[in-house]
Protein chains: 2
Amino acid sequence: MASLKQIRYFLTVADLGGFTPAAASLFVAQPALSRQIALLEAELGFPLFLREARGVRLTAAGALYRDRVLGIEQMLAAAAEEGGQLASGEAGVLRLLHSSSIPAVSLMPAIKQFLAASPKARIDLDRIASETQVSEVASGKADIGIVRLPVLRRDPAVRLLEMPAEQLWLALPASHPLAGRASLGLAELAGEAFVSAVHRERGGLARRVTELCLQRGFVPKMARVISRKTSMLDLVAAGLGIAVVPERMTLLGSAGLAYRPLHDADAVAHSAVILPVQATPLAERFARILAADSPPG
Amino acid sequence: MASLKQIRYFLTVADLGGFTPAAASLFVAQPALSRQIALLEAELGFPLFLREARGVRLTAAGALYRDRVLGIEQMLAAAAEEGGQLASGEAGVLRLLHSSSIPAVSLMPAIKQFLAASPKARIDLDRIASETQVSEVASGKADIGIVRLPVLRRDPAVRLLEMPAEQLWLALPASHPLAGRASLGLAELAGEAFVSAVHRERGGLARRVTELCLQRGFVPKMARVISRKTSMLDLVAAGLGIAVVPERMTLLGSAGLAYRPLHDADAVAHSAVILPVQATPLAERFARILAADSPPG
DNA sequence: GCTAGCCATGCTTTTTTAGAATGCCACATG
DNA sequence: CATGTGGCATTCTAAAAAAGCATGGCTAGC
């Protein structure tokens, strides 16, 4: 197979119209050039140049060959450049997962900051359940996940970076009697029906809320409608129950929906970033932004 | 610069998922492969593979690099293939020139025969004056020319191959008194006005006709309208004069135009193929077809 | 006919690449 | 838990490829 060196020699000779000037331009001796061109011609099976008294001229086949191999070096250089950018984290796609209790709108400040620092990077955002995030990140199908603590399923291939704690709020129908209050305590919710995004493995926000209720001596009463696909908040707005949500979620407004802060000192929720042990530079950078992020509000 | 060998090694390792099977597939020892990949990675500045217990996996940057360099070898192979076809005369464009007294329609049998023998070849046909053809072919701007003899301007860079002689015919207006005759002799045209394609250097058909008339003791009388751009035959059809033309041109019919054979034994015209000293294989092949061509009729 | 410019060739030296043996590490197995 | 196995890296040596130097041959121009 013709070597790249032979191609480069060939192109230089073709450009300069002679072996002698090409040799000078390439900083090699002229015989070396002659030999490499001769080898290339022998391998191709046809002459590339017409040797004339005053230098050389391309044959028709040589001119065609020149057109075809022009740009191969540029292709290689571009491949190296793109690969380097991806490896260094200068460019690339960050496949980002987030739980439904971490709405995309609440991530936008971090995303904007990230994109400003990495103009060549792109983000691919998906909302999926926390438990799934762990396996997706562990398997390399995603670069980074953002989950609500506690995370029940662990994997040695991923590590967790805790994010700043968030105040918990009560989401309730605007028509609810408690909506008249400016703020509430968790203990007052003992009799209320709780809407909750329930998954098979009860981690995340639902588990955290249950924990807090139990500490106040009651088991949260479950609402009579449970949906996995529609948002908890839609059910609350429809008057089917109340929900305790982290502050991020109050960014999601809806008609008939009201939010009130919980004034309990321990009414906070925690979230974390899931990263592979060997994260991409883009994922590392985004994780650092998230961990440093001050909680909304 | 990354060598093609390194690219091929890299692609094989990426395909087979390990150095050991790739080395077997490439018929090299495994350390050679390890070293070349290591060199490539060092030059690129980022790792291409993740070394794992069971073989290797591409890094993200490695996968991107793979996508970019895939096809470089195919490009080179295609370049060699196309160049070879051009050099061997299997493919390429034949830039063919012809005088106006060798109408394109009369070349069609030869062209068809040529294209049938070279399915990948193409023909680029241009009608230009004989004198110009010599310089075009000599300078390499055309591959082959077809001119009417005699050719006044010669060039050491071109050679001439004579084609079979052609009978001369008289082209005359259908309404002309002589049109009633089945055939004519040149001597009978002494008083007629001759339409002629006159160039500065009077070679080709015009010179040949003049010669023949002089041998019969008269100087052909010139018609009162001369045009370089419109065809002689249009002037004849318009009744402005007569013309002596080779048999090929009788293929060009026109309303009001009649052809009659000249029965003089020496009333023949000669044409020739112009070739560069070093003609392309396609030009050589086409020239052989033309030289062997039996004259039309 | 001589000279200058330019490419090709033969020989030697340097550089690059490959091969063989071996080491190291991780995973699997009994 | 020790041991074996599979797979990549490393070291040293040998071969192959490429480069440099000197020189030869050809052509164009004076």
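Because the structure is a prediction, the values reported are computed rather than measured. Naming convention: chains lettered A, B, ... in sequence-line order (proteins, then strands); numbering from 1 in each chain.
Set against C:dG19, D:dA18, C:dA8, the side chain of A:Gln30 has C:dA8 as its closest nucleotide. Of the candidates C:dA20, D:dA18, C:dT17, C:dT17 carries the atom nearest the B:Leu39 side chain, counting heavy atoms from C-beta on. Checking C:dC6, C:dG19, C:dA28 against the side-chain heavy atoms of A:Thr20 singles out C:dC6 as nearest. Of the candidate nucleotides C:dC7, C:dG19, D:dA9, C:dC7 has the atom nearest to the side chain of A:Val56. Here the side chain of B:Phe19 is nearest to one of D:dC8, D:dA18, D:dA28, namely D:dC8. Considering only side-chain atoms of A:Arg51, the nucleotide from C:dG19, C:dA8, D:dT10 that sits closest is C:dA8.
Summarising the geometry, the separation between CD1 on A:Ile37 and C1' on D:dA19 is reported as 15 Å, rounded to the nearest angstrom. Here D:dC8 presents its P atom at 9 Å from CG of B:Leu33, a figure rounded to the nearest Å. One interatomic measurement links the two molecules: CG of B:Leu4 to P of C:dT17, which rounds to 13 Å at whole-angstrom precision. In this entry the distance linking NZ of A:Lys5 with C1' of C:dT17 reads 12 Å, nearest Å. Here the P atom of nucleotide C:dA18 and the CG atom of B:Leu26 are 10 Å apart, to the nearest Å. Counting to the nearest Å, the P atom of C:dT9 and the CD atom of A:Glu41 are 11 Å from each other. For B:Arg57 and D:dG7, the CZ to C1' distance is 16 Å, given to the nearest whole Å. In this structure, the CG atom of A:Leu16 is 12 Å from the P atom of C:dC6, given to the nearest Å.
Looking at B:Glu52, its side chain has no donor and acceptor atom pair within 3.5 Å of the base of C:dA26. Not a single donor-acceptor contact under 3.5 angstrom links the side-chain atoms of A:Gln36 to the base of D:dA18. The base of D:dT11 lies close enough to the side chain of B:Arg35 for a donor and an acceptor atom to sit less than 3.5 Å apart.
Evaluated for a side chain to side chain donor-acceptor pair (under 3.5 Å) with B:Arg95, the options B:Asp126, B:Asp143, B:Asp124 yield exactly one hit, B:Asp143.
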Apply salt bridge (charged side-chain N to carboxylate O under 4.0 Å, His left out) to residues B:Glu284 and B:Arg159 and explain how you reach the verdict.
CA-CA 12 Å; B:Glu284 290 285 359; B:Arg159 60 202 155 97; 2.5 Å; yes
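Using a 4.0 Å heavy-atom distance criterion, A:Tyr9 is classed as a sugar-phosphate-only contact.
Positionally, the nearest nucleotide of DNA chain C for A:Ala53 lies more toward the 5' end than for the other of A:Ala38 and A:Ala53.
Side-chain contact annotation: B:Ser100 with B:Arg127, donor-acceptor N/O pair under 3.5 Å absent.
A pairwise comparison of heavy atoms in A:Leu125 and A:Leu96 identifies CD1-CD2, 3.2 Å as the closest pair.
The aromatic rings of B:Tyr65 and B:Phe46 sit perpendicular to each other, their planes meeting at more than 60°, with 30° as the lower class boundary.
Listed pair A:Ser34 / C:dA8 meets the phosphate criterion, a side-chain N or O lying under 4.0 Å from OP1 or OP2.
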